[in-house]
Amino acid sequence: MVILEVKNVSYGYSHGTPFEIAALRDVSFSVEKGELVGIIGHTGSGKSTLIKMLNSLLKPESGQVLLNGKDINTDKASIKEARSKVGLCFQYPEYQLFEETCAKDIAFGPKNMGLSEDEVRQRVLRAAEFVGFNKELLNRSPFDLSGGQKRRCAIAGVMAMFPEILVLDEPVAGLDPAGRRELMSMIENYRKATGATVMIVSHSMDDIARIADRILVMNKGSLAESGTVKEIFSKTDKLIEMGLSVPAATSLINKLRLKLPELDADVYTTEDAARILAAFYKRRKEQ
Amino acid sequence: MIFMEDKHLLMFDNVSYAYDEENADELAVRDVSFTVDRGEFVVILGHNGSGKSTVAKLSNSIFLPSSGKVFVDGMDTADEKSEFRIRERVGVVFQNPDNQIVASIVEEDVAFGPENLGIEPKEIRKRVDNALKAVGMYDYRLHETHRLSGGQKQRVAIAGMIAMQPECIVFDEPTAMLDPQGRREVMNTARELNKNNNMAIVFITHFMEEAVMADKVIVIDNGRLLACGTPEEIFSQKEMLVSCGLDVPDMVKLANELRENGVPLRKGILCEDELVKEYLSILNS
């Protein structure tokens with residue numbers, strides 16, 4: 001079932017000046033309910049403008065954004081609905097923490113949705129669980145937390161609204177390897193538990209290859225490609241031309257295939273590469 | 001002759017630092033000692049909050065040690081009289097390029113540092129042009145800084161450093177906010193400065209891949225120096241790295257997994273090219 005449809009959306013900045021930029025040009029795609037969509041693209045490719053369209057923080061100059069078949073920009077009520085159903089989490093969301101305690105900060109979103117106190121409390125606990133926060137952490141000031149914990153607290157604030165579509169802009173940027181791994185698995189947990197649709201913007205091809213059902217590639221404001229992990233990362237040259245890259249394992253296999261064309265090209269994670277290369281070695285030695 | 005000491009461009013000698021002097025138990029950096037020689041490429045790894053950035057700020061007297069000493073070219077960073085000469089020798093490039101650009105035109109931004117050093121206009125012109133060429137931004141010299149991409153801005157910030165002709169640049173997670181292209185640009189620039197200009201580089205990061213080509217890798221955990229060695233030495237200690245929130249580079253991980261699965265790869269493989277070469281050679285042996 002299609003939950004979100006972006007139809008011929010265009011948007012520009014600085015109209016009427018010599019610096020006019022078409023941030024989005026005729027972008028169209030749809031997202032199935034429960035799908036995990038990865039969005040990749042160079043800096044300035046229009047990724048952030050695109051996700052701001054998804055809950056009407058920006059309105060398309062032409063084209064439409066449909067949520068469950070309804071244009072989100074129809075009237076005030078539809079905008080309000082989109083804001084509660086599409087949860088946006090910006091880059092470095094920890095800069096937006098402001099409350100005295102983590103619990104209060106996480107509660108901010110659901111409170112503004114007009115939910116009862118009891119419901120808000122329950123949602124805060126649920127969201128805290130998703131990001132691995134215990135009661136002790138919930139009562140601490142978000143400003144006393146480590147960088148990784150702050151990030152998780154901020155993301156819990158969006159999860160607590162239980163959006164049908166959770167949109168995250170570079171959720172693991174700036175985190176160390178352990179922090180990246182933990183946060184990615186927390187997002188997976190949220191998705192499994194709630195059945196929510198998740199969209200993740202990332203510069204890490206490895207992270208995207210690992211988790212995405214489908215990938216959207218933005219380039220200079222246009223949607224350059226849309227497809228499965230396999231469809232996207234089999235086009236190495238095209239991605240590099242667009243300032244992107246392929247997962248480390250794919251790059252390795254590409255290089256080996258210059259000498260060993262019979263190797264399986266369909267490899268996107270180090271685990272898969274290890275399995276395939278070990279099996280290939282064994283077969284070669286048995287011959 | 002104090003020849004040996006003379007060689008160290010940067011020396012941390014039992015350095016500790018507390019952000020809160022009242023609460024001196026909570027040290028951000030604890031008893032850290034290491035050296036950086038002229039022309040050396042040193043990578044510092046550590047998880048979020050490990051004290052890496054504090055080390056960067058201690059290296060050119062932005063912060064002064066609570067105890068211990070930092071020497072730049074033999075000068076004590078705590079000696080106020082040396083502060084100017086220390087900053088001439090060691091420059092720091094920070095994570096967020098937007099916080100480091102001061103002028104609206106690229107070449108004016110690059111000229112800001114040398115202007116403040118009181119250098120003659122003619123010489124500044126030369127330095128600015130050379131610095132912009134070194135980072136591949138010469139064609140953009142008349143562009144407006146706020147219209148550049150993240151990677152381009154970061155390279156302009158680096159050019160600003162180069163124009164001051166320091167002997168060492170400390171990069172504090174310069175690629176954390178960049179896309180793959182931007183990361184490649186900044187990494188290549190750092191490498192070329194090291195190779196072509198013999199500039200010492202201290203590169204702070206938590207991308208393990210960026211540590212592979214270093215002369216020396218330092219691991220910092222909870223403010224302490226946990227390990228120091230060649231990339232080979234450091235990345236052969238997977239458990240130590242994982243225990244402090246880090247990891248080994250993907251290619252090391254892959255080589256380890258292959259060895260466990262009976263592929264007799266040699267030890268010490270760190271990057272893609274080495275792995276490709278070794279795999280092909282044992283396949284055909």
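All values below come from the heavy atoms of this structure, side chains included, with hydrogens, waters and symmetry mates left out. Convention: sequence-line order gives letters A, B, ...; per-chain numbering from 1.
- At most 12 heavy atoms of other shown residues, nucleotides or ligands fall within 6.0 angstrom of atom CD in A:E100.
- Contacts of A:M205 with chain B are made by side-chain atoms alone, with heavy-atom separations under 4.5 Å and no backbone atom involved.
- Proximity to chain A is absent for every atom of B:N256, based on heavy atoms less than 4.5 angstrom apart.
- For the residue pair A:Y281 and B:G262, the shortest heavy atom distance occurs at CE2-O, 3.6 Å.
- Using a 4.5 Å cut-off between heavy atoms, A:R181 contacts chain B through its side chain alone, with no backbone atom that close.
- In this structure, the portions of A:F280 lying under 4.5 Å from any heavy atom of chain B include both its backbone and its side chain.
- Using a 4.5 Å cut-off between heavy atoms, B:L241 does not touch chain A at all.
- Contacts of A:L260 with chain B are made by side-chain atoms alone, with heavy-atom separations under 4.5 Å and no backbone atom involved.
- In terms of non-hydrogen atom pairs under 4.5 Å with chain B, the most contact-rich of A:A178, A:A173, A:G243 is A:G243.
- Most heavy-atom pairs under 4.5 Å with chain A: of the set B:H47, B:H206, B:Q181, B:Q95, this distinction falls to B:H206.
- With a threshold of 4.5 angstrom between heavy atoms, B:S285 approaches chain A through its backbone and through its side chain.
- Among all heavy-atom pairs drawn from B:N284 and A:R284, the shortest one is OD1-NH1, 3.8 Å.
- Listed options B:M208, B:E173, B:R184 were ranked by heavy-atom pairs under 4.5 angstrom with chain A; first place goes to B:R184.
- Residue B:E260 does not touch chain A at all, counting heavy-atom pairs closer than 4.5 Å.
- By the 6.0 Å contact criterion, NZ on B:K133 is enclosed, its count of non-hydrogen atoms from other residues, nucleotides or ligands being greater than 12.
- The environment of B:Y140 atom OH is sparse: at most 12 non-hydrogen atoms of other residues, nucleotides or ligands sit within 6.0 angstrom.
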Audit row: B:L275, A:K255, side chain to side chain contact (heavy atoms under 4.5 Å, CB included) steps and yes/no: CA-CA 10 Å; B:L275 183 51; A:K255 265 203 186 143; over 6 Å; no
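- In this structure a side-chain-to-backbone donor-acceptor pair under 3.5 Å is missing from A:D176 to B:G46.
- Here the straight-line distance linking atom CG of B:D250 with atom OG of A:S251 works out to 10.5 Å at 0.5 Å rounding.
- Counting heavy-atom pairs closer than 4.5 Å to chain A, the top-ranked of the candidates B:N261, B:L254, B:D273 is B:L254.
- Chosen from A:S202, A:P177, A:A273, the residue pairing most often with chain B at heavy-atom distances under 4.5 Å is A:P177.
- A distance-only check finds a donor-acceptor pair linking the side chain of B:D179 to the backbone of A:T43 [under 3.5 Å].
- The two atoms that bring A:L277 and B:Y279 nearest to each other are O-OH, 2.7 Å, heavy atoms only.
- Proximity of a side-chain donor or acceptor of A:K285 to a complementary backbone N or O of B:L283 within less than 3.5 Å is detected.
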Chi angles and distances behind the side chain to side chain contact (heavy atoms under 4.5 Å, CB included) call for A:L258, B:V276: CA-CA 10 Å; A:L258 295 176; B:V276 167; over 6 Å; no
